[in-house]
Amino acid sequence: MDDDSGTLPPRQDFSGWFNDILWRAEIMDVRYPVKGLYVWYPYGFAIRKFVYNRLRELLDRDHQETLFPLLIPEQEFMKEAEHIKGFEDEVYWVTHGGTTPLDVKLALRPTSETAIYPMYALWLRSHADLPMKYYQIVNTFRYETKQTRPLIRLREITSFMESHTVHATWDEAEAQCEYELGLTKEFYDGLCIPVTISKRPDWDKFPGADYTIAVDAIMPNGKTLQIGTVHHLGTHFSKTFGIQYEDKDGKAQLANQTCYGISERSIAALISMHGDDKGLILPPAVAPVQAVIVPITIGKRHEDVLAAATKLEADLKAAGFRVKMDTRDMRPGAKYYWWELRGVPLRLELGPRDIDAGKVMAVKRTGEKTSLERATIIDGITTVFAEITEAIRARAEEHTKSHLCAVDSTDALNTALNEGKVAVVHWCRERGCGDAIEEKANSSILGTEVRSPYVDASDGKCIICGKPGRATLVGRTY
RNA sequence: GGGGCAGUAGGGUAGCCUGGUCCAUCCUAGAGCGUUUGGGACGCUUUGACGGCGGUUCGAAUCCGCCCUGCCCCA
C-alpha cells in the first residue's frame with residue numbers, strides 16, 4: 001500500500017521499529033548463529049566509536065584506563081558470597097584447555113570485580129595510594145535466561161565500561177558515587193538523552209553493594225531501560241579480597257570501594273530515543289557522518305557542480321566536520337531517504353542554482369530547510385548543528401516529561417502504566433508494600449530518592465499502607 | 001520462569017494439512033547493459049533458497065524426532 005515509505009515499521013510499533021532499524025541502518029546483525037550474540041555492522045560500530053570516545057573523554061578527567069583479563073579463576077570468583085549468589089546462574093565456565101580438563105575452572109567475567117580486586121589488594125599499600133580510580137571497556141558474558149535482545153539483553157555484552165574506585169572512607173566513596181552520577185548525566189546529556197536517577201530498592205541492588213543508584217531512560221513505548229548504575233560497595237569486597245592500606249598512624253584499614261557501569265544499552269537508548277518514522281536521528285556530536293553533501297548534477301553542468309561539491313567537502317573536512325559527498329549514481333531523492341534512515345543530522349544540497357546564488361541548501365534531519373551562504377558556510381553549519389542538537393534534546397525532554405506522572409492509588413498506577421507511562425508513587429519502603437505495588441500493577445519499583453526535573457520528590461502517604469512514604473519511581477522495565 | 005508463533009535467495013511471502021512434475025513469486029536485494037537524475041526513475045538480461053542433524057520413503061520444503069536461532073504474549 002504505502003510502498004513509498006519503505007518498509008520500516010512506524011514508531012508506534014516501537015518493538016518492530018527497533019528490530020528493523022538495526023539492520024536497515026546497518027547497526028547490528030542479529031543473524032549470528034549463537035543466541036544472545038550479535039554482530040556490529042561497521043556503521044553501528046562507528047556510532048559506538050563516537051559515543052565511547054565521549055565516554056572515555058569524560059572518564060579520563062579523573063580515572064585511568066586499564067585492562068584486566070577475561071578469565072577469572074573459580075576460587076577468586078567464589079570468594080564473595082552475595083556476589084556469587086547474584087551471578088552464579090549466569091556464568092559461562094571454561095572447563096577445558098583443548099582436550100585437557102582444567103584443574104581450576106575459569107569463569108568468563110560477567111563483571112570484573114573478582115578479576116580486579118585481588119590485584120587491587122596487591123597494588124594498595126598506603127593511604128598515599130588512594131584514591132585509586134581505574135576503568136576498563138571490555139566485553140562480558142552472562143548466560144541470560146530471559147529473552148535476549150540486541151543492544152539490550154545480551155549474552156555477550158560487547159561494550160561494558162566498568163569503573164572501579166578505591167577510597168579511604170565510606171564518605172569519600174559516597175562522594176565518588178555522586179561524582180560518577182554527574183559524569184553519567186553529562187554523558188547522556190551529550191547524547192540528548194534525559195534520564196531519571198533513583199536509588200534501587202535493597203532487593204534489587206548490585207550483589208555485594210551497600211546501595212545502588214541507577215540511571216534509567218524512558219523508551220518510546222514507555223518502558224524504562226536501565227542505562228547506567230553506580231554502586232557503593234562499602235567494605236564488602238575489601239574484606240574478602242584483603243584490600244587494605246596503612247593509614248597515617250601505620251594502622252591497617254579496610255578500603256571503601258565503588259564501581260559503576262555503562263554498556264551498549266547507551267546505544268540502544270540513543271537510537272530509540274531520537275528516531276522517527278524515517279529512521280535514526282543522530283545528534284551531530286556522535287554521528288559518524290555529520291553532514292552529507294548531495295551534488296545535484298544535471299546535464300552539462302555536471303562537472304561544475306561536482307567540482308564545487310568537492311571543494312565544499314574539502315573545506316568542511318578541513319574545518320573538522322565529518323562530511324561525506326554522495327556521488328553514487330542514484331537519484332537525489334533516493335539518496336535523501338538513504339541518509340535520513342541512517343540518521344545523518346544535516347544534508348547539504350548543492351546544485352547549479354545554488355552555485356549561481358552563492359548558497360548551499362541545508363536540510364536538517366529534524367525537519368527544517370535553510371539556505372546557507374557559501375562564503376560563511378563553516379559558521380553557518382556550526383550554528384545549524386547547535387540548532388539540531390537543541391531540537392533533538394527538546395524533543396527527548398518533552399517525551400520524557402510527558403511520560404512521567406504522579407499517581408496516588410494502585411488503580412491509577414495501573415492505568416498510568418497501561419498508557420505507557422512511568423509513575424511516581426509514595427511508598428513506605430517496606431518490602432511487603434513494595435511487592436504489593438509490583439504485583440498489583442505488574443510493574444517494577446525503580447527506586448526512591450528520585451532525581452529528575454519532572455518529578456516532585458516530596459514525601460507522602462504510602463499508596464498501600466498509608467504510612468509516611470517517599471516518592472518512588474514505578475515502571476515497566478526492559 | 002511459563003506459553004505461543006515462526007525459520008524458504010539480501011528482504012518479504014506462497015507452497016506444508018493431502019510427499020512426486022514443468023516456472024515458485026514479489027521487492028527499496030545482487031550482477032550487467034542502456035535511457036535517466038532539484039524527494040524513493042525505468043526497460044531488458046541475469047544470479048540466487050527450502051535453519052541444522054537424524055529418521056520414514058522409490059522419492060521430503062512438506063511427515064516424525066532432536067537441536068539451533070528469531071520474534072510475540074503472560075508472570
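So you know, we letter chains A, B, ... as the sequences are listed, proteins then strands, and number each from 1.
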Tell me, which pairs form a side chain to side chain donor-acceptor pair (under 3.5 Å) where one or both residues lie in residues 42-52 of chain A, sequence neighbours left out?
A:Arg48-A:Ser159

Which whole-number value in Å describes the distance from A:Asn221 CG to B:C73 C1'?
14 Å

Rounded to whole Å, the CG-P distance (A:Asp326 to B:G39) equals 15 Å

In residues 145-154 of chain A, which residues come under 4.0 Å of RNA chain B by heavy atom?
A:Thr145, A:Gln147, A:Thr148, A:Arg149, A:Pro150

Distance check needed: B:G38 C1' versus A:Arg301 CZ, whole Å only.
13 Å

Among all residues two or more places apart in sequence or in another chain, which pass the side chain to side chain contact (heavy atoms under 4.5 Å, CB included) test with A:Asp354?
A:Leu350, A:Met361

Taken in chain and number order and not counting sequence neighbours, the residues that satisfy salt bridge (Lys or Arg N to Asp or Glu O under 4.0 Å) with A:Arg265 are none

Between B:A75 atom P and A:Leu417 atom CG, what is the distance in whole Å?
12 Å

Restricting to side chain to side chain donor-acceptor pair (under 3.5 Å), what partner residues turn up for A:Gln75, sequence neighbours left out?
none

Only counting residues at least two apart or in another chain, list the ones meeting side chain to side chain donor-acceptor pair (under 3.5 Å) with A:Glu80.
none

For A:Tyr337 and B:G40, say yes or no: do the ring centres fall under 5.5 Å of each other while the ring planes differ by less than 30°?
yes

Interatomic distance at P, B:C26 relative to B:C67, whole Å:
39 Å

Taking only N and O in the side chain of A:Asn442, is any of them less than 4.0 Å away from OP1 or OP2 of B:A75?
yes

Nearest nucleotide by nearest heavy atom, which residue falls closer to the 5' end of RNA chain B, A:Glu439 or A:Pro332?
A:Pro332

Suppose you measure atom P in B:G38 against the same atom in B:C27; what distance do you get, rounded to whole Å?
23 Å

Listed in order of residue number, which residues of residues 36-47 of chain A have a non-hydrogen atom at under 4.0 Å from RNA chain B?
A:Gly36, A:Tyr38

Presence of donor-acceptor pair under 3.5 Å, side chain of A:Glu349 and base of B:G39:
no

Taking atom C1' in both B:A14 and B:U57, compute the distance separating them and give it to the nearest angstrom.
26 Å

Evaluate the ring planes of A:Phe14 and A:Trp17, with Trp represented by its six-membered ring, and classify them as parallel (under 30°), tilted (30 to 60°) or perpendicular (over 60°).
parallel

Any N or O donor-acceptor pair linking the side chain of A:Asn19 to the base of B:G70 at under 3.5 Å?
no

Would you measure the distance from the P atom in B:U13 across to the matching atom in B:G59 and give it in whole Å?
33 Å

Check: A:His231 side chain, A:Leu233 main-chain N or O, donor-acceptor pair, under 3.5 Å
no

I need the CH2-P distance between A:Trp23 and B:G11, as an integer number of Å.
7 Å

Presence of A:Arg31 side-chain N/O under 4.0 Å of B:G11 phosphate oxygens OP1/OP2
yes

Measuring only the C1' atom in each nucleotide, how far is B:A29 from B:U18? A whole number of Å is fine.
35 Å

In whole Å, what separates the C1' atom of B:C64 from that of B:C17?
15 Å

From NZ of A:Lys335 across to P of B:U37 the rounded distance in Å is 13 Å

Applying side chain to side chain donor-acceptor pair (under 3.5 Å), name anything that partners A:Glu387, two or more places apart in sequence or on another chain.
A:Lys364

Would you kindly give the CG-to-P distance between A:Asp20 and B:A29, to the nearest whole Å?
15 Å

A:Phe206 ring center within less than 6.0 Å of A:His83 ring center
yes

Output field dot_bracket for RNA chain B (Watson-Crick or G-U, both distances under 3.5 Å, | for other-strand pairs) contains (((((((..((((......[...))))..((((((.....))))))....(((((..]....)))))))))))).

Where does the angle between the aromatic ring planes of A:Phe77 and A:Trp93 fall among parallel (under 30°), tilted (30 to 60°) and perpendicular (over 60°)?
perpendicular

Do A:Phe385 and A:Phe321 have their ring centres less than 6.0 Å from each other?
yes

With a 6.0 Å cut-off (strictly less than), is the heavy-atom count around NZ of A:Lys79, excluding the residue itself, greater than 12?
yes

Is the shortest side-chain N/O distance from A:Arg353 to OP1 or OP2 of B:G38 below 4.0 Å?
no

Under 3.5 Å, side chain of A:Asp326 to main-chain N/O of A:Pro295, donor-acceptor pair present?
no

Which one, B:U69, B:G39, B:G38, comes nearest to the side chain of A:Lys35?
B:U69

Between A:Asp329 and A:Gly333, who's closer to the 5' end of RNA chain B by nearest nucleotide?
A:Asp329

Count the heavy atoms of every other residue, nucleotide or ligand shown that sit under 6.0 Å from OH of A:Tyr92, and state whether that count exceeds 12.
yes

Inter-nucleotide C1' distance (B:G51, B:G7), Å rounded
6 Å

Suppose you measure atom C1' in B:G55 against the same atom in B:U62; what distance do you get, rounded to whole Å?
15 Å

So, using side chain to side chain contact (heavy atoms under 4.5 Å, CB included) as the criterion, who are the partners of A:His96 when residues are at least two apart?
A:Pro101

Atom CD of A:Glu90 and atom C1' of B:G1: how far apart are they, to the nearest Å?
14 Å

For A:Thr148, which residues count as a side chain to side chain contact (heavy atoms under 4.5 Å, CB included) partner, sequence neighbours excluded?
A:Lys35, A:Tyr38, A:Glu144, A:Arg155

Using a 4.0 Å heavy-atom cut-off, write out nucleotides 44-54 of chain B from 5' to 3' as B (base contacted by protein), S (sugar-phosphate only) or - (no contact).
-----------

Using a heavy-atom cut-off of 4.0 Å across all strands, would you classify A:Glu340 as base, sugar-phosphate, or nothing?
base

